[in-house]
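Here the structure comes first, spelled out in structure tokens, and everything after it is commentary.
Throughout, numbering of the chain's residues begins at 1 and tracks the sequence.
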Amino acid sequence: MKRGGIINAQLAGALARLGHTDTLVICDAGLPIPRGPEVVDLAFRLGTPGFGPVLEGILEELVVEEAVAAREVERENPECYALLASRLPELKLVPHWELKVRTADARLVVRTGEATPYSNVILRCGVPF
């Protein structure tokens, strides 16, 4: 058994399979998940696990070359926006409808139990060199 890092076997395996330019979505419990991407549903109960801890754990595992969130997060969920902006300084903002469209192209969707609006981000994988 792993000592640390991500211990959810499904999530650890899914992250290990991602390659350069693959995208993954970390989303709240309310984002519609399209058919196509692999889905790792971490939601245990409403609010658990939260978006912040899941984002932090995934950022420890991946190199990110691009991050995209809904423009509405800045106004509607300032706490989430502050977290995203602090951890992903090159964060791009797009309309929420566009974020939902882009979700269909993701290779992986990680669903959290978060229950606050616009707690979603798309990450494009980079390389560690």
Exercise for the section: Identify, with sequence neighbours excluded, every residue that meets ring pair (Phe, Tyr, Trp, His ring centres under 6.0 Å) alongside Tyr118. Expected result: His96
Handout entry: Heavy-atom check, side chain of Cys125 versus side chain of Thr23, under 4.5 Å
Key = no
Problem - Test item: Leu123 and Leu88 side chains (from C-beta on) under 4.5 Å apart, heavy atoms - result: yes
Problem - Non-neighbouring partners of Asn8 that pass side chain to side chain contact (heavy atoms under 4.5 Å, CB included), sequence neighbours left out - result: Ile6, Gln10, Leu11, Val40, Leu42
Problem - Qualifying residues under side-chain hydrogen bond (donor to acceptor under 3.5 Å, both in side chains), relative to Thr112, sequence neighbours excluded - result: none
Handout entry: Pairing residues for Ala85 by the side chain to side chain contact (heavy atoms under 4.5 Å, CB included) criterion, not counting sequence neighbours
Key = Tyr81
Practice task
Rounded to the nearest 0.5 Å, what's the gap from CG on Leu108 to CZ on Arg17? Could you check?
Solution key: 8.5 Å
Handout entry: Contact summary for Gly5 and Glu61, nearest pair of heavy atoms
Key = CA-OE2, 3.9 Å
Practice task
Of all the heavy-atom pairs spanning Ala106 and Pro37, show the shortest one and how long it is.
Solution key: O-CB, 3.2 Å
Completion exercise
Distance col, row Asn120:CG vs Arg102:CZ, nearest 0.5 angstrom, shows 13.5 Å
Exercise for the section: Tell me, please, which residues at least two apart from Glu79 pass salt bridge (Lys or Arg N to Asp or Glu O under 4.0 Å). Expected result: none
Practice task
List in chain and number order the residues that pass salt bridge (Lys or Arg N to Asp or Glu O under 4.0 Å) with Glu76, two or more places apart in sequence or in another chain; answer none if no residue qualifies.
Solution key: none
Handout entry: Residues clustered with Ile33, ILVMFWY side-chain links under 4.5 angstrom
Key = Val25, Leu31, Val39, Val68, Val94, Leu99, Val109, Ile122
Completion exercise
The side chain to side chain contact (heavy atoms under 4.5 Å, CB included) partners of Pro78 (sequence neighbours excluded) come to none
Handout entry: N/O donor-acceptor pair under 3.5 Å between Asp28 side chain and Glu114 backbone
Key = no
Exercise for the section: Would you indicate whether the side-chain heavy atoms of Glu65 and Glu90 approach each other to under 4.5 Å? Expected result: no
Practice task
Please report the closest heavy-atom contact between Pro34 and Ala104, naming both atoms and the distance.
Solution key: CG-CA, 3.5 Å
Cut-off 3.5 Å, no hydrogens considered: what does the side-chain donor-acceptor table look like for residues 45-59, sequence neighbours left out?
{"from": "Glu56", "atom 1": "OE1", "to": "Arg87", "atom 2": "NE", "distance (Å)": "2.8"}
{"from": "Glu56", "atom 1": "OE1", "to": "Arg87", "atom 2": "NH2", "distance (Å)": "3.2"}
{"from": "Glu56", "atom 1": "OE2", "to": "Arg87", "atom 2": "NE", "distance (Å)": "3.1"}

Exercise for the section: Would you please name every residue forming a side-chain hydrogen bond (donor to acceptor under 3.5 Å, both in side chains) with Arg111, sequence neighbours left out? Expected result: Asp41
Exercise for the section: Begin from the C-alpha positions of Asn77 and Ser119 and carry the test side chain to side chain contact (heavy atoms under 4.5 Å, CB included) through to its verdict. Expected result: CA-CA 8 Å; Asn77 191 345; Ser119 294; 3.1 Å; yes
Exercise for the section: State which residues pass side chain to side chain contact (heavy atoms under 4.5 Å, CB included) with Pro95; sequence neighbours excluded, sorted by chain then number. Expected result: Arg71, Trp97, Glu98
Exercise for the section: Using the test salt bridge (Lys or Arg N to Asp or Glu O under 4.0 Å), find all partners of Arg107 that sit at least two apart in sequence or belong to another chain. Expected result: Asp22
Problem - Lys92 vs Glu66 side-chain heavy atoms within contact, under 4.5 Å - result: yes
Problem - Minimum heavy-atom distance Pro89-Ser86, with the two atoms named - result: CD-O, 4.5 Å
Handout entry: Side-chain heavy atoms of Cys27 within contact of Val110, under 4.5 Å
Key = no
